Structure formats: structure tokens, C-alpha cells
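Predicted model, so just to flag it, every value in this text is computed and none were measured. Lettering follows sequence order; numbering is per chain, from 1.
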Amino acid sequence: MFYREAGQFKTTYQADQAVFPILQDRIGLALILLGAFALIPLMASDFFISVIMIPFLILALATMGLNILTGYTGLLSLGTGGFMGVGAFACYKLTTLYPGINIVVWILVSGFFSTALGIVFGLPSLRIKGFYLTVATLAAQFFLDWSFIRVQWLTNYNTSGAIEVPTRTLFSMPVTGPNATPQFRYLVILSIVTLLTWFASNLVHGRIGRMWMAVRDMDLAAELIGIPLYRTKLLAFAISSYYCGVAGALMVFFWYGSAEPGVFNIDQSFTILFMVIIGGLGSLTGSFFGAALIYGLPIVLKIVLHGVGINILPATVEHVTFMSVGALIVLVLIIEPLGLARLWQITKQKLRVWPFPY
Amino acid sequence: MAPDGPAVAAGDVLLAVENVSLAFGGVKAINGVSFDIRKGEIRAIIGPNGAGKTSMLNVINGFYHPQQGRITFKGEARPQMRPHDAASGGIARTFQNVALFRGMSSLDNIMTGRTLRMKTNLFWQLLRYGPAMREEVEHRARVEEIIDFLKIQDIRRTPVGRLPYGLQKRVELGRALAMEPELLLLDEPMAGMNLEEKEDMSRFILDVNDHFGTTVALIEHDMGVVMDLSDRVVVLDHGMKIADGTPDQVKSNQAVIDAYLGVAH
Amino acid sequence: MDLAYKILIDPFMQMGSAPDLLVQTLWEGLVSGVLYSLIALGFVLIFKASGVFNFAQGIMVVFAALTLVGLHQAGLPAFVALALTIGVMFGLAFLVERLMLRPLVNQPDIILFMATFGLTYFLIGFGELVFGGNPKKMIASELYLPSGAIDIKMFGGFVSLQKIDIAAAVIVSLMVLSLALFFQKTRIGRALRAVADSHKAALSVGISLEQIWVVVWFAAGIVALVTGIMWGARSEVSFSLQVIALKALPVLILGGFTSIPGAIVGGLIIGIGEKIGEFYWGPLLGSGIESWLAYVIALFFLLFRPQGLFGEKIIERI
């Protein structure tokens, strides 16, 4: 009875086309934003922010990026890790070459480098049928993996082959590097992710989102309506790569603090893909759910097993995580191919009529 | 934005198929077929299964390119036309097996029909504000007119995958109408419908032709529908044209009776 | 100009000046090509019969090998371990059909493809849990596989052919032959081809989809086992093999997804192309181009012949 829409009439099409037409949804969103921006930095522990919230937000961003390409447009990409890496390395080169410019600017700019690379790979491969794009992204992934190690210019000829993140400031406070406080880093990330989520939501609910979904659902019919297949797919690729690039830059600069070259390998690509699948293909909120579940699973496992008194090796936790994720994927695909997002929708449906069963 | 090309007066030839032949590998689907469609008429294409009717529509659409012959639309020959060009030229289509976008609602499906007319660029789309929002609302209003016309108001938010077949066909018609086409190609619009649904669909087709002046070409098996609705009929069999004329002329044509209609017992 | 010389002339000069090295490289390429073909063969089997691209084929190779070695280490004699491993692969096929394929039977192919991702990760975790992540030595000698090398004097130098590699080539040829015969001549083979064409049509003539799928996944499991044995005998059994199995994708693109001869030819081309590319052109770019060269070769192929060398051209009808 709390979630009833009765009495909420829309008198204009404008109101009906809003992304959150139901009042309760808007209140919920406001509360979440309030909690995220105010409550968490003030009240949560450093551990929670550094180990849970920051990775969650960054992975959710990458997941949204991949979701735009795979969930909304139906183009399966296995190159997410590589594109994240491009963003990270671009950011590193930019900030070491021009340290005077604010790091947040560079983070947002580095996404465009991923976009450029995405377009370069997309141009030839989008002309051929669906599955083959997947192979092209695989080629991109392995090639980029190799480049990150081989092209020493990228790491400024660092002997260990890794990026060491320099200290950068924002509003005269350190925001990257060892002196940056978790809270400050968290707020910057939260702001960026909120902004980009808002953009993605706008795109997805309007003309462009419909074009993407049309291409995904039946590209021949989409062509007939006048949707330019090639340009639509290329746009999806470009935007998706941008999000992954920014996520990669955030990952290195605001989360890890450094980057071993292997961190953007094919396993990273698969991890993000699983987040998309479990969270829900074609759902932005699902991206958050999927990131939370897959990232959180090993942490929760460790805590639960420790709590029960079983002291477990980190290696074993990893093995069990792999098994659980694998089994979860199959389960999700069997029970609800639209993932957690759909389960959430169904829950809201039930809430609408609560306390009645239907 | 009006579809491009010179304006065609009612009664003039809108689309001409000239000696078109189409083959897949060794199989000839269409063999030297010629006919025309006049502006403002309802033209039926009939014939037994495998006669090449759907292939004919696909050629008109630009999905297949004939090995021989040509299509002339609004006075201009259109060699190697792509489906995208057909759309911007003012040709819309429905399919035998409903080709709706299953991941979207009815409303969104019909809104996709407005894509060619939605022009705001990426910047405004990112903000979903100003010009982008105005355009969205403006086209929503137009789509609502179509929804009213087809009486599908209460299913506008339903994902189309969950709709019964008859309603899906109606939504697909709505999507085609949203393109404000000059030529509407309908591939078996009555297939799988009961009597009531057929009457509704016939009413819609007649209204579209009457009120909007949309030229209609339809493939149909139900002879009653064909005779009632169409102004002229072309009959195909084994990829060749065997009759062309008014419904009465075609009904009494011996070749057509032998190949397709049969004789009342 | 210098660069053009380096790319277009110099490598061929190197080939000509040391032809024994060229032959050795070609042989190495052939050998790895044979192993790629084997993995691709597993893919083709499953794809032909169920339209599923079994991403888990690579981990099945590792899993089969690990089971064999593990059972032997637990004390069983080699051939008993082998028989049991075959049984395990059958059990795996049965479980996959029951728990994964049957519930997903009407879903689009991409859903099944993603399900095989899940299967892969599950088997990785499970394998590591049960067998441990350390590389293991394959029980090659216990299975009477030859070791050592034959040195052939050639072109002023000599070319060294490992006996195990020769054995691998022979075994693969036998395997391909028997599979080809199986598909063409036997009743089950015909049924498999029917299922590959159309599930519904196959059902309507009374073919049991479930049985066929178990048979096919079992066959792919056997191929995986053979692959695991041969590959393990050459180097060692480790989980890194699973990623190498991704190389089967370029092989399939070249050879077509449904062609057994295509898998072989594609594997050989990719194997040889990789080795030659790495050896003669690799130093120009920095080493390790093997990790991506195969994919780039496949991409070029895709631009000009998407259905591969042997695949069927798909005409889309609306």
C-alpha cells in the first residue's frame, strides 16, 4: 500500500515520459542519493568506503558501459578489460605530461581515448554479422594486453612495468596517491559516476536508447524503419568504450593506486560481463546490482565463513567464488534471463499490491 | 519532414515494377514480373504459397536486389536501394511473422517508427532537456493519435512479447503508420486472426487509405478481404504474373481459378 | 624504405638462408596447429549438433587431463584411470545436458553461449578446488606414448621432430577420420546432423534431443581428453591451457563452425601462421605477438570470407 500509484495522474505527455514517473520512485532515489553523498562519508568506516563502496561504484560504471553495448544494443564484447586499460594508461600519460591540469579533467578526457580506439576497432568489425564483433573485441583485448606490457612508453619506462600513481590534488586537497583520504576519493568518484549514470539514463530512455534496442531485437526491421544500423552500433561502441575508459582510469587512480599490466586482462573482461548478465542485460539499475553481487560475493563468503569459525585460505575462497559465479550465471539464465533487475521489478510489482497477493 | 522525391498526384503511378527477376542460387523466386501501384489505391498481391509474393515485397523494400528489371518509385528508378532509403523515401512495411522489437513496450515500438523524424543531436539527448524533451513530447503526441486510432491505449506500456498475436499485429501496423508512409506494404495482415479481428484490421486499413491517403499494397490469402478491400489485384504463381486487374476481373480469370481459387462446388 | 625492407624482404631472406630453421618452424607450427584443430574439433561437434558454441571446451580439456592425472596419482594404474576418466566425461556430459541444456532448450543461442561461460568458470573453480592449481605432469609414458625425438638431416642443418608430436598428428588424423565416418555412415551420426539443422524437425521425426546432446557432449569430452593428453604430454597440464583454448575461435572462423575438415585446415593455418609470424616478424614488433596474431589473421579472413573456408553461406530470409 505504500507503493500505490493511485491518485498519481499524469496530465501531460511530458510528465508521463519522465524517467521516474512514480512519486515513490523519486523519493527512493532522493533518499539513496542523500545517503550516498551525505551519510556514507560521515558515518561509514574507512574500510567500508575503500574496500566496498569505491570498487562497487567503479565496477558499476564499467558494467553500465558494457551493458550499453551488450545489453541494450546486443553486441557481445570481450574486450572490456582492454578498453578500461586504455583509459587508465591514457590518463597516466596525460597527467604525467601535463601535471598542471586537474586530474578529474584528465579522467574524463581519458575516456575519449578509449572511444577512439573503440571506433578504430568498430569501424571494420561492425560491418559483419554479430558474433564476429565478439572475435574482434577478443583480438583487441589480447592486442591491448600485449601492448600494455610491450610499449614501455606507456608506463614512462618504469622498470617494473607498472603505473605508480602520482599525487594529484583537487581544491588543494590530495585526491590521488597515498595521502588522499578515502572519503574525498569516494565523493569524487560518486560525483562522476552519478553524472555519467544520469547521462546514460537520459540516452537510454530517449530516441537513442530505442534505436539501440531496435538494433538488438531485430536489426532487419530496424533498418526498415530507417534506423542506420552502422551508425547506431558505432555510437553504442563509442559510448560504451568511453564509460569503460573512465572506469579504468578511476580504477587505477582512485582505487588501486597503481596498475600492474596484467590487471586489464581477459579475466577482467569476463568479470564485467558476468556483472552485466547477472545484474540484467539492458538495465542500468541492474548494472549496479550485478556489480554489487559479483564484487561482494567473495567478501561476503569470507566474512560468513570466518564468522562461522572456518578459517579458510584466500585461494579456496577464490575457487569457491569461481564456482559460485559460474553456477549463478547458469542459474540466472535459467530462472530469470533478465537478471536481478527483473527480479527487482517483480518485487516492486508485488509491493504495488501489498498487502494483497495480487 | 516530407519524404523526398517529387509529389505524385492521386491516380498516377506511385511504384512501378518493371520486368523484375529474382533468383536465390538456382531457384527463381520471381520471373519477369511487371505491375504498377497507383497512388491512393489499395493493391492486393495474391497467389498460392511460394508464388514469390513476400519476395516481391522484399524487393520493393530493398532487402533483395533483383538480378533483372527495376523498381521505379515516384518516377525515379531505384537501383540497389537499401532498406534505409526505402524508409526515408516513404515506404513502410509489416511482416508475415510479426517483426516487433520484443524487448520494448508497444508505445516504444511505435515510437521507433518516428526515428527518421527525430533530429535532436547527441548533446541534447545526453541531457534529455530542451529540444530533446520537446521533440520527445511532440512525437509522443503523434504516436498517441495512432494509438487512439488503433484502440490500443491500455496496452501501450505492455512489453510486446506478452501480447496476443492479434494485438501484436495491430502494434506492428501502428509502427508502420508512425512513419507516415506514402506506400504501406502489408504482408498477410490478417493471418491468424478470427473474424472480429479481421473486421477490425480491414476497418483500419480502409481508414488509413481514406483519411491519410496512404497507398496500400497487401499480400493476403483471405479472398473475402481481398475482394472487399482492394481496388486492383495482381496474381502471382510460381514467380510469374498470371493476372492483373480489378477484383471482379481477376475472380473470373480462368488461369487464376485453375492455379489458385478453384471452383465453388 | 628501411622499414619496408624489414617487413617485406628481410624475413624471407632469413627463411631462405636457413631453410632447416624454416622447416623446424613449419613443423612447430604444424604441431601446435594440430592441437588447435583438436580443440576446434570439440567445438564443431557440439555446435553442429546443438547450435551451442561451447565456450567451456577449453576447460574441459584441462579438466579431463587433470582427472586422468589425479586418478593415476591416487594409485590407479594408467589405463584404469583412463577408463574412469572416460566415465567421468560421460557423467559430465550427462549432467550438463540435464542441468544446463534442458532448462535452456528454447532460449536464443546467445543465452546458451553465456551459459557455457558460467560452466567454464564453475569448472575452473571446481577443478582448482579438487586438484589444486599447480601444473602437473601428464602420464605420457604410462600410456605408452613415445618420447624422445627424431633428428632429420636437412638443408645443411637438421630438423628435430619430437616423437610425441608425430604421435599427435597420427592420433588426430585417426580421430578425424573416425568422426567423419561416424557422421556420414551411422544412424546416430545422421541424427546428429538432423539436430544441427533443425531441432523441431528432428523432434518431429522422433529423434530424442536429450540423448543426442549427451552423445555429442560426451564425444566432445573424449576429444577434450585426447587433447588434454597430447597437450599435457608436450608441456604440462595447467589451467593456463584454458585460455589458449580461446585460440580455437580464429580456427573456427577460418574453417567454418560446422566443418570438421575446416577445423583441421583452419587449425593448421593458424598454427603455422602464428609460428612463422612470431619467428620471422615477431622481433620487429617485440616478442609475444603470438598472443594476438591468430585473432588478427581471423579478422582479416572475416572481412573477405565471413563463412570461413568451408562453412556454408547463410542467406537470410525474412
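- The shortest non-hydrogen separation linking Phe199(A) to Leu127(B) is CE2-CD2, 3.8 Å.
- In this structure, chain B has a heavy atom under 4.5 Å from the side chain of Leu235(A), while its backbone stays farther away.
- Per-residue heavy-atom pair counts under 4.5 Å with chain B were compared for Gly226(A), Ala200(A), Gly206(A), and the maximum is reached by Gly226(A).
- Annotation for Tyr129(B): atom OH does not count as buried by contact number, only 12 or fewer foreign heavy atoms lying within 6.0 Å.
- The closest side-chain heavy-atom distance from Trp198(A) to Leu126(B) is not below 4.5 Å.
- Here the closest heavy-atom approach between residue Ile225(A) and residue Gly113(B) is recorded as CG2-CA, 3.7 Å.
- There is no contact between Ala86(B) and chain A, counting heavy-atom distances below 4.5 Å.
- The minimum heavy-atom distance between Met179(B) and Leu224(A), with the atom names listed, is CE-O, 3.5 Å.
- Contacts between Met211(A) and chain B at a heavy-atom distance below 4.5 Å involve the side chain alone, from C-beta outward.
- Of the listed residues Glu135(B), Met111(B), Gln125(B), the one with more heavy-atom pairs under 4.5 angstrom with chain A than any other is Gln125(B).
- Under the side chain to side chain contact (heavy atoms under 4.5 Å, CB included) rule, Arg210(A) has a single partner from Thr115(B), Asn109(B), Asp108(B), which is Asp108(B).
- Residues Ala221(A) and Ala99(B) come closest through the heavy atom pair CB-O, 3.7 Å.
- Residue contact with chain B, scored on non-hydrogen atoms closer than 4.5 Å, involves the backbone and the side chain of Ala222(A) alike.
- The backbone N or O of Arg114(B) sits nowhere less than 3.5 Å from a side-chain atom of Arg207(A) that would complete a donor-acceptor pair.
- Annotation: residues 151-158 of chain B contacts chain A through Arg157(B) [non-hydrogen atoms, separation under 4.5 Å].
- For Arg342(A), the CZ atom counts as densely surrounded, since its 6.0 Å shell holds more than 12 non-hydrogen atoms of other residues, nucleotides or ligands.
- Judged by distance alone, the side chain of His84(B) and the main-chain N or O of Glu223(A) form no donor-acceptor pair under 3.5 Å.
- Proximity to chain A is limited to the side chain of Arg82(B), based on heavy atoms less than 4.5 angstrom apart.
- Judged by distance alone, the side chain of Asp217(A) and the main-chain N or O of Gly103(B) form a donor-acceptor pair under 3.5 Å.
- For Ala141(B), the parts sitting under 4.5 Å from any heavy atom of chain A are the backbone and the side chain alike.
- Between chain A and the options Glu136(B), His139(B), Arg102(B), Arg175(B), the largest number of non-hydrogen pairs under 4.5 Å is found for Glu136(B).
- With a 4.5 Å cut-off on non-hydrogen atoms, Met133(B) touches chain A through its side chain but not through its backbone.
- If you measure heavy-atom distances from Leu338(A) to chain B, you find no contacts under 4.5 Å at all.
- Atoms CD1 and OG1, from Ile227(A) and Thr112(B) in turn, are 5.5 Å apart once rounded to the nearest 0.5 Å.
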